[in-house]
Amino acid sequence: MSAHQYDEGHTVAGWTGFGIATVGTAVLGLGVCTVSTPLLVAGAAIDVVSLFAAWALHLAGWGKAPGKRPREQWGMRVRDTGARGGHPGCVGCRMAGRGVRRTAAAAAAATATAGGGAASGVVPVSAGEVEPAAATSGG
């Protein structure tokens, strides 16, 4: 049995991003110590690569969704089967166009609860639908 009863979130995506970022930060530090612009640029570029590498691995299922995971998914080498559909509340998944998409009914409910309702003239349109013609007012 594990020494802890919670998921620490260690993932392949996290450790890979951390490792690449460590190298980038070391190159940045060397650039600062030697006052070398090429080393500073190279270190910053490596750090940017670490972000994209961790993001790509997260989207491929080697990352962790925000929040708690089921106990059987606590292992670092366990791939997340729900990553393809997107994680709710995950900024990285939303940036990739994944996650919970609002349907027309959900958009209408959100508009109605925000005080807009049908009187605001906002008509939710789901993907693939043609926008309705604008209503003309006889004012």
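For the numbers below, each heavy atom of this structure counts, side chains included, while hydrogens, waters and symmetry mates do not. Please read these numbers as outputs of a predicted model, since none were measured by experiment. We number each residue from 1, following the sequence as shown.
- Heavy-atom minimum distance, Ala13 versus Leu57: CB-CB, 3.6 Å.
- Nearest heavy-atom pair across Thr11 and Trp62 is CB-O, 3.3 Å.
- Of all heavy-atom pairs between Ser50 and Gly17, the closest is CB-O, 3.5 Å.
- In this structure, the side chains of Ser36 and Leu30 stay at 4.5 Å or more apart for every pair of heavy atoms.
- In terms of hydrophobic clustering, with Ile, Leu, Val, Met, Phe, Trp and Tyr side chains grouped at heavy-atom distances under 4.5 Å, Val32 and Val27 are assigned to different clusters.
- In the hydrophobic cluster analysis, where Ile, Leu, Val, Met, Phe, Trp and Tyr join through side-chain heavy atoms closer than 4.5 angstrom, Val49 is grouped apart from Trp55.
- Judged by distance alone, the side chain of Arg79 and the main-chain N or O of Ala60 form a donor-acceptor pair under 3.5 Å.
- Between Asp47 and the choices Val23, Thr25, Ile20, the side-chain contact (heavy atoms from CB on, under 4.5 Å) rule is met once, by Thr25.
- Rounding to the nearest 0.5 angstrom, the gap separating the CD1 atom in Ile46 from the CG atom in Leu51 is 12.5 Å.
- Between Cys93 and His58 the shortest side-chain heavy-atom distance falls below 4.5 Å.
- In this pair, Phe18 and Trp15 present their aromatic rings perpendicular. The plane angle is above 60°, beyond the 30 to 60° band.
- The minimum heavy-atom distance between Ala96 and Leu59, with the atom names listed, is CB-CD1, 3.6 Å.
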